Visitor: 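Please see the structure below; I have some questions.
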Amino acid sequence: MGEKLNRIITSKFGDKLRAFYTSVWHVLVFGLICVFCHVFEMTILACVLFTILLVPAFIFCKNLLILVPFMTMCSFALTENTNPETGYYNTPVRIATLIMLLVILLAALLFNLIYYKNIKLLFKKAYLTASLCLATSALMLGGITEHTFTLMGVATAIAIGATMFLPYSVVVNCVDYEKEKTIKLFAWTLVVVSVIIGCAVLKSYYIHNFDTTSVHPKEYLKFGFAISNSAAAYVVIALPLTFYLVYKYKYGFLLMAVVALEIFIIVMNYSRSSLVVALPGSVIVTIALMFKKKRGRLGYLITCGILIAAAVAIVVSMKDKAYDALFESFNGSSFDSGRFKIWWLGFERWQDSPVFGVGLWFLPSTGHDYTSFHCTPLTYLYCAGIVGLAAYIYHRYKTVRLVFSVKLTSERVFLALSIFAMLLNALLDVAMTSAPHLIFYAIMLGYIELDAKKTRADAIAAAEESAAAPEITESEQLPQTEVNVSASE
C-alpha cells in the first residue's frame with residue numbers, strides 16, 4: 001500500500017500538481033474564488049472550493065508553501081452579511097457542511113504532517129521563536145495585578161501569539177526556499193490581495209451608488225473581513241513587494257500601474273493612517289529605483305513621468321474637491337478620530353500599574369471594543385506594562401538584527417520594507433495586534449530568516465569552493481605564445 005501510494009505521489013501527475021501549487025496560477029485561482037464568493041456573498045461555496053484545492057495539495061506536496069495563499073487570503077471570502085457574528089452559519093445544514101469540510105481538511109493536513117514528516121519540523125526552534133514567545137507571555141501577564149485582568153485578555157494574547165508563531169514556524173521550517181522565485185510568488189500573492197480588496201471597495205461604492213455626499217464612505221466601507229482602515233493596511237503591506245516586482249522584471253515598469261492602483265485603493269478607503277505611510281514611502285522608493293534599476297530603466301523613467309503627469313492633471317482638475325477632502329480628513333478634531341483620547345486614557349490608567357499594565361481588555365470598561373490603543377508600542381506599554389514594552393523592544397531588536405545578519409539581498413530589503421511599512425501604519429492603527437494582519441507579518445519574518453540562512457550558506461559554500469580550488473603556480477602556466485603555437489598545430 002505504501003509503495004503504491006508513493007508511486008502515485010511521484011508520478012508525472014503528481015509532478016504537474018506540485019508545479020501548479022508552487023506557481024502563480026494557484027495564487028490566481030485562490031484570488032478568483034475570493035473575489036467571486038465575496039461579491040456574490042457565497043462564503044460556504046468558498047469553504048468548499050478551498051477544501052477541494054487544499055486536499056490534493058496536502059497529499060502531493062511536502063513543501064508547505066502551498067499554505068501561504070490560504071493563510072493570506074481565505075478570510076477575504078467573508079462579507080458583512082456572512083460574517084460569523086451575523087449568525088449566518090447558525091443553521092443545521094451550514095454547520096454540518098463546515099464540520100465535514102473541517103474534518104476533511106484536518107485529515108489531509110495530518111496525512112501531510114505524518115507522511116512527509118513535517119510534524120517533526122513544525123515546532124522546531126528558529127531564530128525568532130524565543131522573542132515571539134516572550135512578547136506573547138508578556139501580553140498574557142498584562143494586568144495580572146489589576147481587576148481588569150480577564151481570561152478573555154489571556155485568550156486574546158494567545159491568539160495574537162499563535163498567529164505570529166504558527167505561520168512563521170511553517171515558513172521557516174517547512175517551506176523550500178528558492179530565493180527570487182519564492183519571493184516573487186509571495187509578491188504576486190500580495191498583488192492579488194490588493195486586487196481582491198479593490199474589488200470589495202468597488203462593490204461597496206456600487207451598492208451605495210458611489211454616494212460620498214449624503215453619507216461618508218467610511219460608513220459603508222465594511223467588508224466583513226475588515227473595515228476601511230484595516231483593508232487599506234493590507235495594501236500598505238503589499239506596496240513594497242509590488243515595487244520588488246517592478247525592480248526584478250525587465251518590463252517591471254508596467255507594474256507601476258499596479259502601484260498606482262494600490263495607492264488609489266488606499267485613497268478610496270479614506271484611511272489616513274495608511275495614506276501617510278503609502279504616499280511618501282512610494283515616492284521615496286520610486287526615486288530610489290530610478291538610480292538602482294538596471295533592466296528596463298528607460299521604460300521605468302517614461303512610465304514614472306506619465307504617472308506623475310497624470311497625478312498632477314487629476315489634482316489640478318479636481319483641486320477644489322481634493323482640498324475639501326484633505327481638509328475634512330486632516331483638520332482639527334477629526335484628525336485623530338479619538339486616538340489621542342484613547343492614548344491619554346491609557347496613560348492615565350497605566351500610571352496605576354506601570355510594571356504589568358492594565359491588561360488587554362481594559363478598554364471595554366470605557367465603552368470601547370478592544371482596539372489595542374491604535375499604536376503598537378503604547379499597546380504593549382499600557383496593556384502589559386514596562387515588562388510588555390521591554391519584550392516588544394527585544395523582539396524588534398532581534399528582527400532588525402536578523403535583517404542585517406548577512407549581506408543584504410534585494411529579497412530581504414523589500415521584505416523588510418513591507419514590515420517597516422506595516423509597523424509605521426501600526427503606530428496609528430491596530431495591525432500589529434490584529435490576527436489576520438499578523439499572519440502576513442509572520443510569513444514575511446519567516447522569509448527574511450530563510451533568505452538570511454540561504455545567503456549565509458551560499459557565502460560559506462563559495463568560500464569553501466574557493467579554498468578547495470587548486471592553485472596554479474606561475475611555472476605551470478603556459479606563456480601566451482606557446483598557447484598560440486599549440487593551437488595552430
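No experiment lies behind these values; they were computed from the predicted model shown. For the single chain, residues carry numbers from 1 onward in sequence order.
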Visitor: Mark yes when over 12 heavy atoms from residues, nucleotides or ligands other than Phe111 sit less than 6.0 Å from its CZ; otherwise mark no.
Guide: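 Buried by this count: over 12 neighbours within 6.0 Å.
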Visitor: To the nearest 0.5 Å, what is the distance between CZ on Arg396 and OG on Ser131?
Guide: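 Going from CZ on Arg396 over to OG on Ser131, the span is 8.5 Å.
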Visitor: Determine whether a donor-acceptor pair (N or O, by modelled atom type, separation under 3.5 Å) exists between the side chain of Ser466 and the backbone of Ala462.
Guide: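 Not confirmed, Ser466 side chain does not pair with Ala462 backbone.
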Visitor: Can any side-chain N or O of Ser282 pair as donor or acceptor with the backbone N or O of Leu279 at less than 3.5 Å?
Guide: no
Visitor: Under a 3.5 Å distance rule, please check whether His395 uses its side chain to pair with a backbone N or O of Leu134 as donor and acceptor.
Guide: no
Visitor: Among Asp451, Asp458, Thr455, which residue meets the side-chain hydrogen bond (donor to acceptor under 3.5 Å, both in side chains) test with Thr409?
Guide: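 Among Asp451, Asp458, Thr455, the one that satisfies the side-chain hydrogen bond (donor to acceptor under 3.5 Å, both in side chains) with Thr409 is Asp451.
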Visitor: Can you confirm whether Pro377 sits close enough to Leu427 that some side-chain heavy atom of one is under 4.5 Å from a side-chain heavy atom of the other?
Guide: yes
Visitor: Give me the atom names and distance for the closest heavy-atom approach of Gly31 to Ile196.
Guide: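 Closest approach of Gly31 to Ile196: CA-CD1, 3.9 Å.
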Visitor: Just wondering, do Leu67 and Phe58 contact through their side chains at under 4.5 Å, heavy atoms?
Guide: yes
Visitor: Taking Asp211's backbone N and O only, do any of them form a donor-acceptor pair with Tyr220's side chain (distance below 3.5 Å, no angle check)?
Guide: yes
Visitor: Take a 6.0 Å sphere around CZ of Phe420 and say whether it holds more than 12 heavy atoms from other residues, nucleotides or ligands.
Guide: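 Counting neighbours around CZ of Phe420, 12 or fewer heavy atoms of other residues, nucleotides or ligands fall under 6.0 Å, so no.
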Visitor: Sub-3.5 Å donor-acceptor pair from the side chain of Asn112 to the main-chain atoms of Cys61, do we have one?
Guide: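 Flag set: sc Asn112 to bb Cys61 pair under 3.5 Å.
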Visitor: Indicate yes or no: at least one non-hydrogen side-chain atom of Leu28 is less than 4.5 angstrom from one of Val192.
Guide: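 Side chain of Leu28 against side chain of Val192, heavy atoms only: contact under 4.5 Å found.
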Visitor: Please, which pairs that meet side-chain hydrogen bond (donor to acceptor under 3.5 Å, both in side chains) have at least one residue in residues 181-202, sequence neighbours excluded?
Guide: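 As it turns out, the side-chain hydrogen bond (donor to acceptor under 3.5 Å, both in side chains) pairs with a partner in residues 181-202, which skip direct neighbours, are Glu180-Lys184, Trp188-Tyr249, Ser194-Glu262.
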Visitor: Test your reading of the model: is there a side-chain donor-acceptor pair from Lys62 to the backbone of Asp176, 3.5 Å cut-off?
Guide: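 Not confirmed, Lys62 side chain does not pair with Asp176 backbone.
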Visitor: Provide the closest heavy-atom pair for Phe253 versus Gly296 in the form atom of the first, atom of the second, distance.
Guide: CD2-O, 3.6 Å
Visitor: Could you tell me whether a side-chain N or O of Asn118 sits under 3.5 Å from a main-chain N or O of Cys174, the two making a donor and an acceptor?
Guide: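 Absent.
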Visitor: Any side-chain heavy atom of Val430 sitting closer than 4.5 Å to one from His374?
Guide: yes
Visitor: Apply the side-chain contact (heavy atoms from CB on, under 4.5 Å) test between Met444 and each candidate in Ile183, Thr399, Ile237, Ile439; give the one that qualifies.
Guide: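 That would be Ile237.
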Visitor: For the residue pair Ile443 and Thr72, what are the closest heavy atoms and their distance?
Guide: CD1-CG2, 3.6 Å
Visitor: Of the non-hydrogen atoms in Leu65 and Pro69, which two are nearest, and what is the gap between them?
Guide: O-CD, 3.6 Å
Visitor: More than 12 non-hydrogen atoms from neighbouring residues, nucleotides or ligands closer than 6.0 Å to CZ on Arg401, yes or no?
Guide: no
Visitor: Taking C-beta and beyond as the side chain, do Asn6 and Tyr115 meet within less than 4.5 Å on heavy atoms?
Guide: yes
Visitor: Test Tyr300 against Thr286 for side chain to side chain contact (heavy atoms under 4.5 Å, CB included), laying out the working first.
Guide: CA-CA 9 Å; Tyr300 179 74; Thr286 299; 3.4 Å; yes
Visitor: So do Cys375 and Arg339 actually touch side chain to side chain, heavy atoms under 4.5 Å?
Guide: no
Visitor: Quick one: list whatever passes side-chain contact (heavy atoms from CB on, under 4.5 Å) with Ile308, sequence neighbours left out.
Guide: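 Partners of Ile308 by the side-chain contact (heavy atoms from CB on, under 4.5 Å) criterion, ordered by chain and then number, come out as Val312.
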Visitor: Should Lys248 and Tyr244 be marked as a side chain to side chain contact (heavy atoms under 4.5 Å, CB included) after you check the CA-CA gap, both sets of side-chain angles, and the distance that decides it?
Guide: CA-CA 6 Å; Lys248 278 294 180 179; Tyr244 170 76; 3.5 Å; yes
Visitor: Would you mind reporting whether Thr79 and Val39 have side-chain heavy atoms less than 4.5 Å apart?
Guide: no
Visitor: Heavy atoms only: give me the nearest Ala57-Ile66 pair and the separation to one decimal.
Guide: O-CD1, 3.5 Å
Visitor: Just wondering, are more than 12 heavy atoms of other shown residues or ligands nearer than 6.0 Å to CZ in Phe210?
Guide: yes
Visitor: Which pair of non-hydrogen atoms, one from Ser274 and one from Asn425, has the smallest distance, and what is that distance?
Guide: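 Answer, listing the atom of Ser274 first, then Asn425: OG-OD1, 3.0 Å.
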Visitor: Please evaluate residues Lys203 and Glu41 with respect to the criterion salt bridge (charged side-chain N to carboxylate O under 4.0 Å, His left out), reporting the C-alpha separation (whole Å), side-chain torsions for both, the decisive distance (0.1 Å), and the verdict.
Guide: CA-CA 11 Å; Lys203 174 194 171 186; Glu41 300 194 349; 3.6 Å; yes
Visitor: Go through the steps for Asn269 and Ile227 under the test side chain to side chain contact (heavy atoms under 4.5 Å, CB included), then give the verdict.
Guide: CA-CA 9 Å; Asn269 269 295; Ile227 59 173; over 6 Å; no
Visitor: Under 3.5 Å, is there a donor-acceptor pair between the side chain of Arg297 and the main chain of Leu289?
Guide: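 Checked: no pair found.
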Visitor: Please round to the nearest 0.5 Å and tell me the distance separating atom OG of Ser405 and atom NZ of Lys398.
Guide: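 Nearest 0.5 Å value for the OG-NZ distance: 10.5 Å.
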Visitor: Under 4.0 Å between a side-chain nitrogen and a carboxylate oxygen: does that hold for Asp15 and Arg18?
Guide: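 Arg18 and Asp15: salt-bridged.
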Visitor: What's the separation between atom SG in Cys199 and atom NE2 in His38, rounded to the nearest 0.5 Å?
Guide: 9.0 Å
Visitor: Between Lys293 (side chain) and Arg295 (backbone), is there a donor-acceptor pair under 3.5 Å?
Guide: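 The answer is yes, because a donor-acceptor pair under 3.5 Å joins these two groups.
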Visitor: Going through the checks in order, is the side chain to side chain contact (heavy atoms under 4.5 Å, CB included) test met by Leu241 and Leu415?
Guide: CA-CA 7 Å; Leu241 283 166; Leu415 285 166; 4.1 Å; yes
Visitor: Distance check, rounded to the nearest 0.5 Å: Met268 atom CE versus Ser204 atom OG?
Guide: 10.5 Å
Visitor: Side chain of Glu449, backbone of Ala126: donor and acceptor closer than 3.5 Å?
Guide: no
Visitor: Just how far is it from atom CG of Leu109 to atom CG of Leu64, taken to the nearest 0.5 Å?
Guide: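 Result: 7.5 Å between the selected atoms.
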Visitor: Does NZ belonging to Lys179 count more than 12 external heavy atoms closer than 6.0 Å?
Guide: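 More than 12 heavy atoms, drawn from other residues, nucleotides or ligands, come within 6.0 Å of this atom.
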Visitor: Please say which of Phe223, Tyr234, Phe30, Phe70 ends up in a ring pair (Phe, Tyr, Trp, His ring centres under 6.0 Å) with Phe76.
Guide: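 The single option meeting the ring pair (Phe, Tyr, Trp, His ring centres under 6.0 Å) with Phe76 is Tyr234.
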Visitor: Is any side-chain heavy atom of Thr433 less than 4.5 Å from a side-chain heavy atom of Thr376?
Guide: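 Thr433 does not reach Thr376 side chain to side chain.
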Visitor: Measuring from Arg272:CZ to Asp429:CG, what's the distance to the nearest 0.5 Å?
Guide: 10.0 Å
